[in-house]
Amino acid sequence: MEHRITLNSDEEVVNLLGHQDQNLRIIREGLNAKIRSRGHEIIIEGEESEARVARKLFEELLAILRGGHLIRPPEVRYSLRMILENEEVDLRGIFEEAIGVSERGRLVRPKTLGQKRYIQAIGEYDLVIAIGPAGTGKTYLAVAMACSAFLKKEVARIILTRPAVEAGEKLGFLPGDLKEKVDPYLRPLYDALFDMIGIERFQHYLSQGIIEVAPLAFMRGRTLNDAFVILDEAQNTTTEQMKMFLTRLGFDSKAVVTGDITQIDLPQGVPSGLIESQKILDGIEGIEFIYFDGSDVVRHSLVQKIIKAYDEYEKRHLTREQEPSLSP
């Protein structure tokens with residue numbers, strides 16, 4: 001079966017197929033259909049199912065391109081992966097769900113179905129708890145939504161916090177004053193804010209108390225009204241810390257909790273507040289849990305493979321541990 005897609009200009013051909021046909025190569029590697037370009041035409045040949053998927057992918061990417069969005073290799077990989085999982089997926093709907101504009105002038109938008117559900121949940125619910133592996137955009141998109149809510153005057157301030165627990169280290173043994181001790185733990189939050197609003201504006205908002213970035217312990221005893229609050233790395237909270245944080249939420253506020261339950265740095269035997277929250281808060285109206293998996297990873301393509309390899313290894317290891325002993 002043969003399909004033909006007609007493009008409008010040389011520029012459209014270059015932007016769709018990518019620099020030196022990089023986008024085209026990614027699609028060829030992912031599909032069995034024979035795909036070639038000739039002038040302003042893309043010609044697809046192959047089995048009906050493969051040719052249909054290829055046509056759908058090119059049509060969706062072309063619509064996204066004509067909507068004013070860049071089509072880069074990462075977007076092509078995510079799009080190919082999603083359309084192979086679900087041929088009816090609305091790729092245009094995902095790319096057009098822009099959150100806002102970063103300091104560098106880039107539109108911030110979801111790149112996967114999981115990310116789209118995530119930002120929709122943040123818009124709809126007062127408390128969203130996002131659980132998934134690194135690289136799925138949990139923190140970055142939450143910060144983008146916080147900045148968007150602030151710029152729209154939906155909240156008066158942004159508060160970002162993390163538990164100061166990493167790989168068994170304790171603050172008291174680190175060099176420097178308190179700020180120097182905690183800053184390394186908060187650096188990913190600073191980085192996301194810098195990308196959204198720039199360093200100068202961030203420092204201005206920080207000095208005015210409009211933005212606050214602090215360790216989780218600093219939240220105790222406070223009531224956070226008219227604020228967008230993000231708790232990052234929540235897998236490293238204890239049950240008591242998670243309860244303390246969640247009960248800080250005040251009037252006209254919104255909270256997002258993010259964490260990766262496969263990377264817990266709490267002392268052995270101490271339960272994770274994030275894991276326990278799934279059982280404690282299940283079914284409460286106004287709270288939404290969002291779960292990411294490897295298909296939502298938007299970092300280097302190797303990260304997805306690494307996550308999958310670790311998942312498979314841990315499943316094999318767990319299976320061996322559960323096997324009954326043959327010894328008398």
Side-chain angles (χ1 to χ4, degrees), residues 1-116 119 135 137 140-141 144 147-148 151 194-198 295-304:
M1 176 168 284
E2 180 181 284
H3 295 281
R4 291 174 180 259
I5 298 172
T6 302
L7 308 181
N8 294 333
S9 65
D10 291 342
E11 183 181 10
E12 207 167 69
V13 172
V14 171
N15 289 334
L16 181 62
L17 301 185
H19 178 62
Q20 296 182 340
D21 288 346
Q22 192 172 7
N23 295 344
L24 178 59
R25 286 200 301 273
I26 293 170
I27 296 171
R28 281 173 173 165
E29 291 169 4
L31 297 171
N32 292 325
K34 182 180 178 182
I35 305 167
R36 67 184 190 276
S37 64
R38 186 171 62 193
H40 289 176
E41 271 194 330
I42 296 173
I43 304 165
I44 304 166
E45 297 174 318
E47 295 292 330
E48 181 179 354
S49 59
E50 288 282 339
R52 186 181 64 246
V53 169
R55 179 185 179 91
K56 162 81 171 176
L57 178 59
F58 275 110
E59 287 176 342
E60 290 279 331
L61 291 175
L62 187 57
I64 292 167
L65 182 64
R66 288 172 177 171
H69 309 303
L70 291 176
I71 302 296
R72 303 171 302 168
E75 281 77 27
V76 175
R77 290 191 185 95
Y78 309 145
S79 299
L80 176 61
R81 188 171 69 214
M82 284 187 284
I83 210 165
L84 287 173
E85 292 174 357
N86 177 12
E87 193 176 332
E88 301 304 316
V89 65
D90 180 15
L91 294 175
R92 281 171 285 186
I94 295 173
F95 279 81
E96 289 169 1
E97 186 107 28
I99 298 172
V101 180
S102 73
E103 178 69 10
R104 297 176 184 175
R106 291 189 294 109
L107 281 172
V108 179
R109 65 171 65 87
K111 293 185 173 71
T112 70
L113 286 173
Q115 289 189 348
K116 182 178 180 180
I119 65 172
Y140 190 83
L141 290 175
C147 291
S148 175
L151 293 173
F194 292 165
D195 196 42
M196 294 293 158
I197 61 177
S295 66
D296 294 301
V297 172
V298 292
R299 289 183 180 170
H300 193 289
S301 57
L302 274 178
V303 174
Q304 187 181 13

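When a residue number appears, it is its place in the shown sequence, counting from 1.
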> Rounded to the nearest 0.5 Å, what separation is found between the OG atom of S79 and the CD1 atom of I64?
5.0 Å
> With sequence neighbours left out, write down each residue that passes side-chain contact (heavy atoms from CB on, under 4.5 Å) with E50, or none if nothing qualifies.
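So E50 forms a side-chain contact (heavy atoms from CB on, under 4.5 Å) with L31, N32, A33.
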> Got a second to check how far R81's CZ is from K111's NZ, nearest 0.5 Å?
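Atom-to-atom, R81:CZ and K111:NZ are 12.0 Å apart.
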> Which salt bridge (charged side-chain N to carboxylate O under 4.0 Å, His left out) pairs, counting each pair once, include a residue from residues 39-48, with sequence neighbours left out?
R4-E41, R36-E45
> Check salt bridge (Lys or Arg N to Asp or Glu O under 4.0 Å) between R25 and all other residues, then give those that pass, not counting sequence neighbours.
none
> Please name all residues satisfying salt bridge (Lys or Arg N to Asp or Glu O under 4.0 Å) with K56, sequence neighbours left out, ordered by chain then number.
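K56 satisfies salt bridge (Lys or Arg N to Asp or Glu O under 4.0 Å) with E60 once adjacent residues are dropped.
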> Could you pull out the closest heavy-atom pair between M82 and L113, with the gap in Å?
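What the structure gives for the nearest pair is SD-N, 3.6 Å.
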> Taking all non-hydrogen atoms of both residues, which atom of C147 and which atom of M196 are closest, and how far apart?
SG-CB, 3.8 Å
> Would you say N23's side chain and I71's backbone share a donor-acceptor pair under 3.5 angstrom?
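A pair under 3.5 Å: yes.
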> Kindly compute the distance separating CD1 (I44) from CD (E2), expressed to the nearest 0.5 Å.
9.5 Å
> Side-chain contact test, heavy atoms from C-beta onward, threshold under 4.5 Å: evaluate it for L57 versus L84 and give yes or no.
no
> Heavy atoms, side chains only, cut-off 4.5 Å: are L17 and I42 in contact?
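The answer is yes; the side chains approach within 4.5 Å.
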> Would you mind reporting whether Q22 and V76 have side-chain heavy atoms less than 4.5 Å apart?
no
> To the nearest 0.5 Å, what is the distance between NZ (K116) and CG (D296)?
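One finds 13.5 Å between NZ of K116 and CG of D296.
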> Hey, could you give me each pair passing salt bridge (charged side-chain N to carboxylate O under 4.0 Å, His left out) that has a residue in residues 10-23? Not counting sequence neighbours.
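The answer is E12-R66.
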> In Å and rounded to the nearest 0.5 Å, what is the CG to CD1 distance from L141 to I119?
7.0 Å
> Considering all heavy atoms of both residues, which atom of P73 and which atom of I26 are nearest to each other, and what is their separation?
CB-CD1, 3.6 Å
> List the residues meeting salt bridge (Lys or Arg N to Asp or Glu O under 4.0 Å) with R28, not counting sequence neighbours, and say none if there are none.
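Checked R28 against salt bridge (Lys or Arg N to Asp or Glu O under 4.0 Å); zero matches.
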> Kindly give the heavy-atom pair with the smallest separation between L16 and L65, and that separation in Å.
N-CD2, 3.9 Å
> Show the nearest heavy-atom pair for residues L62 and T6, with the distance to one decimal.
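For L62 and T6, the tightest heavy-atom pair comes out as CD2-O, 4.4 Å.
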